[in-house]
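So the structure is just underneath, and the comments pick up after that.
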Amino acid sequence: MKRRTFLAAGGAAAIGNALTACGGSHNPPPSPPPPEPTQEGTVTGWNNQALEAVRTTRMAPPMAARAVAIVHSAMYEAWAAYDNAALGQCLGAQLRRPAVERTAANKARAMSFAAYAALLDQFPGQQAAFTAYLITLGSRPIDAYNNSATAPRLGTIAAQAVLDKRRDDGANQAGTMAPGGTPFADYSGYLARNPPLLVIQPTPRSGIVFPDRWQPLSFNDAAGVRRTQSFLTPFWGTLQPFALTSGSQFRPPPPAAFGTQEFVDQATEIVQIQATLTERQKVIGDFWAGGASGELPGSYWCRFAQLISARKGYTDDDDVKLFFALTNAVFDASIAAWDAKRAYDSARPITAIRYLFNGRIVQSFGPEGPAGGLRPVPGEAWMPFQLPSAPTPAFPDHVSGHSTFSAASAEVLRRFTGSDLFRHAVTIQARSLLIDPGLPTAPVTLAWETFTDAVIEASASRVYTGIHFERASDDGRSLGNQVGATAFARARALWSGNA
């Protein structure tokens, strides 16, 4: 198999050596940087409110990307009215305020009311939390309707313009595009080519009709209730993007085809990696999957942007532009990634491995999951390094969403800061993993000198956990780079008044 970025052909030893370069146990991280400064401005404060709402409601990655982008688009639309050049994404210069009103206080209040209105629309069940936060800023919801309170009314109008623009973007937020009225329900008519795969039982080859196509999984959730997946938002690639011409603008080449040596090699590679995972690699896999924090990939990169803002002492004027570009890049990344997922409808490793290794013994985890340890199992019962109650996400392999989201985010941060330098570290405490609560046996520090390092590790994490093939991660990074560059260019044109 062709050598790519972080995995290598040539057997388990070569693969282990290549993985070491991405944070394996033989490659200790650099000394962690000094403690990060703390700073919460108007933009970062509302960003935290949005991220907390995502976590509380357990919103799925594509919908979360859209929701957070809407919040920051609303804040940007309000802020642009107080700038002498910036154009709103929706209203251009229609809301432009006279110079005498362009104070930091007015901008902050307008952005706060824009964020508040957008968050109420995206997370209606969290109204109490948003109202409480608005009050801590010295404002009340009623101010939006006070004729003498120009900034609150302007912020609300700006948010409504963004919400109106997104109302018919194809996301089906209102649930009106499919029978039943369920928000974000599929209206595209997608049907899986394979029958459901019951993960707690060996899968006969007859149960995998198309080994290179996505297969829904059936499993018992944390409460012991049997669940069967359906493709999460298979229409998402058709949504109206922020900067892309369409979800397919940078569509990557197809994944390995069934019947080719590459298809066999990529499955073999995953089996070997899973059988030789180091403790550090397990920590990496758990961390980037959200672990006990429940963070989504886009949320991690918002947290990183907050750190950069605090370090550099960014003002609200800086932050509103940074988060406008960043969150819309992640949103466009979700559209581009889901376009590829739907176009190729490709199998996850669990399907390909159970088919190809049927009748052979492999080292794998049992039906109780990684906490039970590795042992010889039939290939048709292979399990990834995942909780048995969440064995693999409910959408196809190609391309990796983590890779696409992360690469798009890093591209924006590099362009906005003018550097790839990151120098950040986190320490994972002993026995704190969600996937395997007995690990790590001692605290483990993950450190990234550059944004690129963080992207590569996030990408590798999905291979470590056995839920993506290497090519899905590689192509996702390439896709994300293109999306991030395009989204940043669009955002910069708007705030420069050159759109």
Side-chain angles (χ1 to χ4, degrees), residues 41-47 49-50 53 65-99 101-123 130 134 137 139 141 143-145 149-169 171 173 239-243 302 305 314-332 412 416 487-499:
T42 305
V43 177
T44 54
W46 285 107
N47 181 251
Q49 291 295 308
R66 177 179 178 271
V68 178
I70 285 174
V71 172
H72 284 283
S73 293
M75 295 180 77
Y76 169 81
E77 196 79 16
W79 170 86
Y82 294 91
D83 188 75
N84 62 2
L87 298 173
Q89 178 189 0
C90 303
L91 297 176
Q94 293 179 46
L95 297 180
R96 186 84 70 211
R97 304 309 301 162
E101 292 186 23
R102 297 175 196 168
T103 65
N106 278 341
K107 284 188 282 189
R109 292 194 78 196
M111 289 193 293
S112 287
F113 275 84
Y116 180 74
L119 283 165
L120 288 183
D121 181 85
Q122 295 301 299
F123 305 96
F130 303 144
L134 186 68
L137 300 178
S139 292
D143 293 343
Y145 306 100
T150 304
R153 285 192 295 108
L154 184 146
T156 304
I157 291 168
Q160 194 59 54
V162 172
L163 293 171
D164 288 344
K165 180 181 177 64
R166 282 286 154 206
R167 197 85 58 203
D168 299 316
D169 67 353
Q173 179 184 335
L239 263 63
Q240 177 187 345
F242 164 71
C302 279
Y314 283 168
T315 64
D316 276 343
D317 292 335
D318 301 314
D319 284 341
V320 72
K321 292 185 283 189
L322 171 58
F323 283 87
F324 176 55
L326 176 68
T327 58
N328 276 290
V330 173
F331 176 42
D332 273 14
V412 168
F416 193 87
F488 181 80
R490 169 66 174 159
R492 183 170 57 184
L494 282 164
W495 73 58
S496 300
N498 297 319

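No hydrogens, no waters, no symmetry mates; every other heavy atom, side chains included, goes into these values. Throughout, residue positions are numbered sequentially from 1 according to the sequence presented.
- With rounding to the nearest 0.5 Å, the separation of OG1 in Thr42 from CG in Asp319 is 9.0 Å.
- Of the possible donor and acceptor atoms, one in the side chain of Arg102 sits under 3.5 Å from a partner among the backbone N and O of Arg97.
- A pairwise comparison of heavy atoms in Val68 and Asn47 identifies CG1-ND2, 4.2 Å as the closest pair.
- Electrostatic pairing of Arg109 and Asp143 counts as a salt bridge here, judged by a charged N lying under 4.0 Å from a carboxylate O.
- Side chains of Arg166 and Gln173 form no contact here, defined as non-hydrogen atoms less than 4.5 Å apart.
- At least one donor-acceptor pair closer than 3.5 Å links the side chain of Asp318 to the backbone N or O of Thr315.
- Between Leu239 and Phe331 the shortest side-chain heavy-atom distance falls below 4.5 Å.
- Closest of all the heavy-atom pairs between Ala74 and Ala118 is CB-CB, 4.0 Å.
- Scanning both residues, Leu120 and Phe130, for their nearest heavy atoms gives CD2-CD1, 4.0 Å.
- A salt bridge links Asp169 with Arg66; the closest basic N to acidic carboxylate O contact falls under 4.0 Å.
- The closest side-chain heavy-atom distance from Trp495 to Asp83 is not below 4.5 Å.
- Between the OH atom in Tyr82 and the OG1 atom in Thr103 there is a gap of 7.5 Å [rounded to 0.5 Å].
- Between Ile157 and Glu77 there is no side-chain heavy-atom pair separated by less than 4.5 Å.
- Of the inter-residue distances, the one linking Met111 atom CE with Asn106 atom CG reads 11.0 Å to the nearest 0.5 angstrom.
- Here Ser73 contributes atom OG and Gln89 contributes atom CD; the two are 4.5 Å apart, rounded to the nearest 0.5 Å.
- The nearest pair of heavy atoms linking Trp79 to Ala86 is CZ3-CB, 3.6 Å.
- When Tyr116, Phe113, Phe323, Trp46 are each tested for a side-chain contact (heavy atoms from CB on, under 4.5 Å) with Met75, only one passes: Trp46.
- Annotation for Ala80 and Arg96: closest pair O-NH1, 2.9 Å, computed over non-hydrogen atoms.
- Counting heavy atoms from C-beta outward, Thr44 and Tyr314 have side chains that stay 4.5 Å or more apart.
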side-chain hydrogen bond (donor to acceptor under 3.5 Å, both in side chains), that's the test. Do His72 and Asn328 meet it? Break it down for me.
CA-CA 8 Å; His72 284 283; Asn328 276 290; over 6 Å; no
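- A distance of 9.0 Å separates CG in Asp168 from CD in Gln240, rounded to the nearest 0.5 Å.
- Between Ala243 and Arg490 the shortest heavy-atom distance is CB-CB, 3.6 Å.
- Thr327 contributes atom OG1, which lies 9.0 Å from atom CG of Leu322 (distance to the nearest 0.5 angstrom).
- You'll find the ring centres of Phe324 and Phe416 outside the 6.0 Å limit.
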